[in-house]
*Asks:* 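Got a structure for you, questions after.
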Amino acid sequence: MSEAASYSVRDGIAVVTLDNPPVNGLGSVLRPGIMAGIQKAAGDPAVKALVLIGSAKAFSGGADIREFNTPKMLVPPSLPEINDAQDGFPKPMIAAIGGFALGGGLELALGCHYRVALPKSQLGLPEVKLGLLPGSGGTQRLPRVVGAQKGIEMMTTGNPVAAESALKLGLVDEIVQGDLLEGALAFARKLVSEKKGPRRIRDMTVKVEGGPKQFFAAARAEVGKRARGFPAPLEIVACVEAAATKPFDEGRKEERRRFQTLVEGNESMALRHMFFAERQTSKIPDVPDDTPLRKIASAAVIGAGTMGGGIAMNFANAGIPVSIMDMTQDAVDKGVAKIKANYAATVSKGRLKQDEMDKRMALIKPTAKLEDARDADIVVEAVFERMDVKQETFRKLDAIMKPGAILATNTSTLDVDAIAAVTRRPQDVIGTHFFSPANVMRLLEVVRGKRTAKDVLATTMKLGKTLKKVPVVSGVCDGFIGNRMVEKYGQQSLFLVDEGCSPQHVDAAAYQWGMAMGPLTMGDMAGLDIGWEIRKRRYQERPNFKYSKVADRICEQGRYGQKTGKGWYKYNLPDRKPIPDPEVDKIISQYRAENKIQTRAISDEEIVERLIYALVNEGAYILEEGIALRASDIDMVYLTGYGFPAYRGGPMFYADTVGLDKVLASIEKFQQGYMGEVWKPAPLLVKLAKAGKRFNG
Ligand code: NAD
């Protein structure tokens with residue numbers, strides 16, 4: 001046996017216990033132990049059955065991520081070899097599933113002949129979330145148990161099913177109330193007394209609704225539509241088809257082959273990159289992990305508008321009492337009513353219990369007096385985006401807040417150092433840039449001012465995690481990481497419209513490539529007036545800044561997007577589906593004519609390149625200036641804040657996969673085209689491209 005698995009025999013039933021905390025990852029220390037247990041039990045005539053059990057929290061979470069990309073992954077036996085031994089085991093083998101059985105963990109359980117589970121257990125094959133498919137028989141065994149339809153659904157979404165549903169699907173045979181091991185032993189004894197032998201899943205057939213030909217054609221069409229450019233879901237469908245139409249061993253071979261292709265593909269590499277990128281963001285080179293943190297047991301939010309309300313909800317959701325202040329009682333009441341309506345909507349959808357909502361509401365203390373923020377450990381300012389208003393607020397906060405409190409601003413574009421400068425404690429000032437809706441979006445840009453103290457930064461990063469956000473450090477600059485890049489993306493989307501694309505063409509190309517939505521639909525959602533305000537400021541600040549004024553024309557008509565029912569599209573509110581509008585086509589044609597712009601046909605490929613490389617090039621400047629700590633942080637910002645497809649790995653990783661020399665060549669080509677002067681290749685991009693290097697190491 002190995003140290004991570006133990007073997008015992010109870011009344012003629014062998015028990016192999018998996019003990020590899022925290023999640024019983026099937027690493028190199030555990031696999032040999034499982035195999036040894038199976039062999040020992042097979043060879044002992046006194047043993048009548050075998051129970052494979054983990055802890056009450058985890059049967060197994062699958063492959064051990066700590067061993068990813070290390071030689072330990074190859075230490076024998078492999079999981080498929082264990083599965084073969086399970087199939088060859090001559091007596092009943094039962095998986096006793098406490099907590100979760102995920103990925104390889106469920107494949108191990110599917111290698112068993114029977115499964116019992118605790119009421120709260122979760123079973124799933126989430127490999128698709130890393131761009132993969134279950135590579136150890138999962139695609140062959142799961143559909144043999146739950147049918148082709150459900151198997152495809154479970155594996156292409158990656159979402160687990162709860163024990164109760166698993167029981168209905170036949171994926172577990174019994175739900176154990178009480179002690180899992182005792183329940184599993186009782187189940188085993190029953191099988192033995194009823195003389196039930198092994199029940200191998202490989203000997204079963206896959207249930208397919210209707211004929212396989214029709215069924216799989218329909219499945220491909222449906223899954224393909226959802227997946228767009230992401231290959232894993234369609235590969236899973238192909239494996240299930242093999243399970244339904246070919247002998248088991250051939251299906252296994254096909255699964256292996258398709259798994260291998262996916263492992264080596266860009267999409268899975270991108271998803272694994274993002275997985276590790278998320279764990280990287282909180283590592284700050286000059287701030288040690290053991291930096292002492294300040295205590296955050298209470299909070300205050302100033303400004304009860306769109307953002308302030310959402311931010312206050314974040315604190316309440318995390319169990320932190322929070323006061324919320326606005327200029328008048330009326331404004332506070334409106335803000336709190338909105339919070340309440342937000343929670344109530346979640347309750348009515350069944351995603352939050354009423355008493356939990358009541359608890360959270362009780363943590364939120366409305367007030368019209370700034371002084372009520374006095375005792376908070378952190379105060380987050382979310383007032384109007386005007387420097388004079390922000391500075392005035394910070395002067396007052398400086399006067400009233402207790403020493404050591406963190407003073408945070410939610411500004412999107414203003415200089416955090418200039419805000420800090422009006423206080424006597426700039427070391428305690430930091431930016432916390434939440435994204436809208438603040439109670440939903442995972443991204444939190446943590447803006448480190450020139451004088452922000454290290455412990456303030458470390459505490460705010462930790463707080464970000466407590467609030468269930470992905471905190472990413474940004475230096476001070478206009479727009480920080482995300483919005484500074486998106487400005488270039490928006491700029492290109494307008495130039496594309498100038499040059500001949502319809503808004504729906506630009507959006508469709510971006511969507512089809514994988515963005516959650518196209519840039520013009522995104523503008524309509526965020527409100528076109530916001531960008532208009534920024535552009536008006538830019539026209540003053542940077543008179544040479546190039547922008548298409550076509551967006552201004554749209555705004556001049558009072559078309560601010562979804563909020564006014566008209567923007568780049570029209571809307572039948574409350575339905576938010578964008579409908580192309582001939583009025584908009586007219587505005588665009590007129591603009592082109594007035595400016596004598598020669599239109600031309602533009603390919604989807606060019607649309608995507610211009611949009612994405614605009615992000616990449618600005619990202620390279622941001623990296624070079626040290627605004628972002630690492631390329632993967634920029635990728636994380638785009639994934640969690642801007643609907644960038646995870647399987648592309650973020651803009652910087654995507655550029656790496658294309659090859660920086662190719663990206664640079666395209667940018668040089670764009671320099672020759674319409675408004676080419678806005679393309680100035682970032683020196684870092686040029687340097688890395690010439691050296692054949694990548695942004696992400
Ligand atoms: P908003 O207009 O919805 O809310 C601002 C609130 O602040 C209003 O209720 C107003 O009455 C209150 N307020 C103004 N001056 C005040 C003062 N001196 N004291 C107390 N309350 C005061 O604006 P918003 O969209 O919530 O934006 C707030 C901040 O968040 C801005 O800095 C904005 O740039 C930033 N931000 C906004 C978004 C977004 O998408 N809306 C996203 C990220 C960051």
Side-chain angles (χ1 to χ4, degrees), residues 300-314 322-339 342 366-374 376 379-401 407-416 418-419 422 429-447 464 467 469 471-472 474 476 478-487 490 522-534 537 560-563 637 640-643:
V301 174
I302 313 300
T306 313
M307 295 306 288
I311 295 168
M313 287 173 81
N314 284 322
V322 55
S323 68
I324 180 161
M325 182 267 171
D326 209 301
M327 289 186 289
T328 62
Q329 192 59 44
D330 188 46
V332 184
D333 291 345
K334 275 203 190 117
V336 173
K338 209 153 169 215
I339 294 177
N342 243 324
T367 174
K369 289 202 297 258
L370 193 70
E371 287 68 28
D372 286 339
R374 178 182 291 134
V379 55
V380 182
E381 163 280 310
V383 303
F384 297 139
E385 184 73 346
R386 274 182 31 203
M387 186 55 95
D388 56 339
V389 183
K390 303 263 189 210
Q391 286 183 329
E392 187 50 33
T393 305
F394 270 75
R395 266 188 212 106
K396 288 185 186 154
L397 288 173
D398 187 25
I400 63 163
M401 297 303 292
L407 275 48
T409 170
N410 188 50
T411 181
S412 319
T413 53
L414 301 174
D415 182 346
V416 175
I419 296 173
V422 302
V429 177
I430 195 164
T432 47
H433 187 215
F434 288 84
F435 285 68
S436 181
N439 54 318
V440 177
M441 296 295 287
R442 290 175 69 217
L443 177 60
L444 175 66
E445 283 180 329
V446 174
V447 186
L467 302 184
K469 302 288 169 193
V472 178
S474 170
V476 175
D478 194 342
F480 312 126
I481 298 173
N483 284 344
R484 176 169 157 187
M485 286 164 69
V486 91
E487 189 167 12
M522 184 170 84
D524 272 4
M525 198 180 80
L528 298 178
D529 49 328
I530 295 181
W532 195 23
E533 283 306 318
I534 294 177
R537 209 172 80 201
Y560 292 170
Q562 286 183 8
K563 62 171 106 167
V637 164
T640 51
Y642 294 85

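Remember, it's 1-based here, ligands and their atoms both numbered in the order they're listed. Computed from a predicted model, the values in this text were never measured in an experiment.
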*Asks:* Examine the proximity of ligand 1 to L370 and report which part, side chain or backbone, both or neither, has a heavy atom under 4.0 Å away.
*Replies:*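 The answer is neither; L370 stays 4.0 Å or more away.
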
*Asks:* Looking at atom 21 (N) of ligand 1, what's its closest protein heavy atom, distance included?
*Replies:*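 Looking only at protein heavy atoms, the one closest to atom 21 (N) of ligand 1 is D326 OD1, 3.5 Å.
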
*Asks:* Would you mind listing which atoms of ligand 1 come within a distance below 4.0 Å of any non-hydrogen atom of M325?
*Replies:*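 Ligand 1 atoms under the 4.0 Å threshold to M325: 20 (C).
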
*Asks:* Quick one: are I419 and M387 in side-chain contact, heavy atoms under 4.5 Å?
*Replies:*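 Yes, side chains in contact.
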
*Asks:* With a cut-off of 6.0 Å (strictly less than), are more than 12 heavy atoms of other residues, nucleotides or ligands near NZ of K563?
*Replies:*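 Check passes, neighbour count above 12.
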
*Asks:* Among all protein heavy atoms, pick out the one at the shortest distance from atom 44 (C) of ligand 1; state its residue, atom name and that distance to 0.1 Å.
*Replies:*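 I find the closest protein heavy atom is S412 OG, 3.0 Å.
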
*Asks:* Note the single closest protein heavy atom to atom 19 (N) of ligand 1, along with its residue, its atom name and the distance in Å.
*Replies:*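 The protein heavy atom lying closest is M327 CG, 3.6 Å.
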
*Asks:* What atoms in ligand 1 come closer than 4.0 Å to a heavy atom of I302?
*Replies:*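 Close to I302: 20 (C).
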
*Asks:* Would you say N314's side chain and L467's backbone share a donor-acceptor pair under 3.5 angstrom?
*Replies:*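 Between the backbone of L467 and the side chain of N314 there is no qualifying donor-acceptor contact (under 3.5 Å).
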
*Asks:* If we only count heavy atoms from C-beta on, is the L443 to V472 side-chain gap below 4.5 Å?
*Replies:*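 Contact flag for L443/V472 side chains = yes.
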
*Asks:* Looking at atom 5 (C) of ligand 1, what's its closest protein heavy atom, distance included?
*Replies:*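 For atom 5 (C) of ligand 1, the nearest protein heavy atom is A382 O, 3.7 Å.
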
*Asks:* I'd like to know if the side chain of Q391 reaches the main chain of A418, judged simply by a donor and an acceptor atom lying under 3.5 Å from each other, with no hydrogens or angles considered.
*Replies:*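 Checked: pair present.
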
*Asks:* Knowing that exactly one of K390, E381, E385 qualifies, which makes a side-chain hydrogen bond (donor to acceptor under 3.5 Å, both in side chains) with T411?
*Replies:*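 The single option meeting the side-chain hydrogen bond (donor to acceptor under 3.5 Å, both in side chains) with T411 is E385.
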
*Asks:* Quick one: nearest non-hydrogen protein atom to atom 40 (O) of ligand 1, plus distance?
*Replies:*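 Going atom by atom, the protein heavy atom closest to atom 40 (O) of ligand 1 ends up being S436 CB, 3.3 Å.
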
*Asks:* Against ligand 1, does H433 come closer than 4.0 Å with any heavy atom?
*Replies:*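 Right, H433 reaches ligand 1.
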
*Asks:* Which residue pairs satisfy the side chain to side chain donor-acceptor pair (under 3.5 Å) criterion with at least one member in residues 435-444, sequence neighbours excluded?
*Replies:*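 Pairs touching residues 435-444 that pass the test: E278-R442.
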
*Asks:* Give the atoms of ligand 1, by number and element, whose distance to some non-hydrogen atom of F384 is under 4.0 Å.
*Replies:*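 That gives atoms 2 (O), 5 (C), 8 (C), 10 (C), 14 (C), 15 (N) of ligand 1.
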
*Asks:* Looking only at distances, can you tell me whether any N or O atom of T411, backbone or side chain, sits closer than 3.5 Å to an N or O atom of ligand 1?
*Replies:*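 No, no N or O pair falls under 3.5 Å.
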
*Asks:* Can you check whether V637 reaches M485 side chain to side chain, under 4.5 Å on heavy atoms?
*Replies:*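 No, their side chains stay 4.5 Å or more apart.
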
*Asks:* Looking at side-chain heavy atoms only, is the closest gap between Y642 and N483 below 4.5 Å?
*Replies:*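 Side-chain contact under 4.5 Å: yes.
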
*Asks:* Answer yes or no: does an N/O atom from E381 fall short of 3.5 Å to an N/O atom of ligand 1?
*Replies:*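 By distance alone, the answer is no.
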
*Asks:* If we ignore hydrogens and angles and just use 3.5 Å, is the side chain of K369 paired with the main-chain N or O of M325 as donor and acceptor?
*Replies:*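 Flag not set: sc K369 to bb M325 has no pair under 3.5 Å.
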
*Asks:* To which protein heavy atom is atom 22 (C) of ligand 1 closest, and what is the distance rounded to 0.1 Å?
*Replies:*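 Scanning the protein heavy atoms, the shortest distance from atom 22 (C) of ligand 1 goes to V383 CG1, 3.5 Å.
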
*Asks:* More than 12 non-hydrogen atoms from neighbouring residues, nucleotides or ligands closer than 6.0 Å to CZ on R484, yes or no?
*Replies:*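 Yes, the 6.0 Å shell around CZ holds more than 12 heavy atoms from other groups.
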
*Asks:* Work out whether the distance between some heavy atom of K390 and some atom of ligand 1 is less than 4.0 Å.
*Replies:*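 Yes, K390 has heavy atoms under 4.0 Å from ligand 1.
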
*Asks:* For F434, state whether at least one heavy atom is located under 4.0 Å from any atom of ligand 1.
*Replies:*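 Yes; F434 lies near enough to ligand 1 that a heavy-atom distance drops under 4.0 Å.
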
*Asks:* For atom 30 (O) of ligand 1, what's the nearest protein heavy atom and its distance?
*Replies:*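 Sorting protein heavy atoms by distance from atom 30 (O) of ligand 1 puts N410 ND2, 2.9 Å first.
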
*Asks:* When you measure from atom 26 (O) of ligand 1 to every protein heavy atom, which one gives the shortest distance, and what is it?
*Replies:*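 Its nearest protein heavy-atom neighbour is M307 N, 2.7 Å.
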
*Asks:* Just let me know how E392 lines up against ligand 1, side chain, backbone, both or neither, with a heavy-atom cut-off below 4.0 Å.
*Replies:*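 Looking at E392 and ligand 1, no heavy atom falls under 4.0 Å.
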
